[in-house]
Amino acid sequence: MSTDVTTQADLFLDSKNLLCPMPIIKLSQGIKKINVGQTILTETTDPGSLYDIQAWARQTGQELVKQEQDGRVFRFLIRRNK
Amino acid sequence: MTDAELEQKVNELVAKRLAEIEIEKTLQEAQRPKRLALVASKGTLDMAYPPLILASTAVSLGWEVGVFFTFYGLDIINKNKLPKLQVAPIGNPAMPAPIPALPSFQVPNFVGVLPGMTPMATAMMKSWFDRANIPPLQDLIDVTREGGGHLYACTTTMGVMGVNESNLIEGVECRGAAAFLEFAAGATVALFI
């Protein structure tokens, strides 16, 4: 994922240096701010968030389009499905 | 149509309809939101976090949430006590030595009885939370409430401890064990903390 994806996402959530449950709470608040079909890019550093964000997407029916690791930063692109 | 044929036909139709109802029930079950039922029974700073982290996460997953605050756990939703929750080093061998200059020196546990040790341990733990960007307990309560989570105050505890509804934070529902059990009976996950 490159910088254009960052600028293309409809909402950016910086959850770096935040621990559970904050990355999930921010995602859940963020998803309400965008429309169906729009995307969120979020960055985290908590290793637990890797599994938490996948679980959140499954539980809420949202789509985890892409995830990647860049050093200690995890980056997730999520599309609002419903 | 003979009686035997009629009976066979009816049996077939009934079996078919029963199978349909079974499928409908399974589908309804799958669509029902998951539900978390927690009992928060402890009123120390460290033990206030686990129920509130789970509750705020569960509402973020779209789950139904109800937390039953009982005995010292009631302090978590007591607006006078919430900002003053403490953690005590006495009887807690997991608490590390409070002397940063001497990290390997294990302070004997009985030192925890000295005046000022509990506020010191509390301040130390709060500094860990701050350093790790952990939100205050009030923020996790707000997320749970705004997500539709129920905060149940145990009315027995209120009676025993002399706590009035006016002492509790806004939006708390005062309930007994039966009302909570009815909620918990429909829970996907139920935990005692």
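Chain letters run A, B, ... following the sequence lines, proteins first, then strands; residues in each count from 1. Atoms considered below: every heavy atom in the structure, side chains included; atoms not considered: hydrogens, waters and symmetry mates.
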**Student:** Among residues 26-35 of chain A, which ones touch chain B with a heavy-atom distance under 4.5 Å?
**Tutor:** Ser28(A), Gln29(A)

**Student:** Just wondering, more than 12 heavy atoms not from Lys79(B) lying within 6.0 Å of its NZ?
**Tutor:** yes

**Student:** Taking CD in Gln138(B) as the centre, count heavy atoms belonging to other residues, nucleotides or ligands within less than 6.0 Å. Is the count above 12?
**Tutor:** yes

**Student:** Rounded to the nearest 0.5 Å, what separation is found between the NZ atom of Lys16(A) and the CG atom of Asn133(B)?
**Tutor:** 12.5 Å

**Student:** Grouping I, L, V, M, F, W and Y whenever their side-chain heavy atoms are under 4.5 Å apart, do Met158(B) and Met161(B) come out in a common cluster?
**Tutor:** yes

**Student:** Please indicate whether Lys81(B) has more than 12 foreign heavy atoms, meaning atoms of other residues, nucleotides or ligands, lying under 6.0 Å from its NZ.
**Tutor:** no

**Student:** Drop me the distance from Met22(A)'s CE to Ile53(B)'s CD1, to the nearest 0.5 angstrom.
**Tutor:** 10.5 Å

**Student:** With ring-ring contact (aromatic ring centres under 6.0 Å, His included) as the rule and sequence neighbours excluded, what pairs involving residues 14-51 of chain B come up?
**Tutor:** Tyr49(B)-Phe129(B)

**Student:** Same cluster or not: Leu74(B) versus Ile169(B), using hydrophobic residues (I, L, V, M, F, W, Y) connected whenever any side-chain heavy atoms lie under 4.5 Å apart?
**Tutor:** yes

**Student:** For Leu140(B), is it the side chain, the backbone, both or neither that has a heavy atom under 4.5 Å from a heavy atom of chain A?
**Tutor:** side chain

**Student:** Does atom CD of Glu170(B) have more than 12 heavy-atom neighbours, drawn from other residues, nucleotides or ligands, at distances under 6.0 Å?
**Tutor:** no

**Student:** For each of Asp52(A), Leu18(A), Ile25(A), Ile24(A), tally heavy-atom pairs with chain B at distances under 4.5 Å, and name the one with the top tally.
**Tutor:** Ile25(A)

**Student:** State whether the number of non-hydrogen atoms from other residues, nucleotides or ligands found under 6.0 Å of Glu20(B) atom CD is greater than 12.
**Tutor:** yes

**Student:** Take Ile134(B) and Leu19(A) through the side chain to side chain contact (heavy atoms under 4.5 Å, CB included) test and state the conclusion after the steps.
**Tutor:** CA-CA 7 Å; Ile134(B) 302 286; Leu19(A) 296 172; 3.9 Å; yes

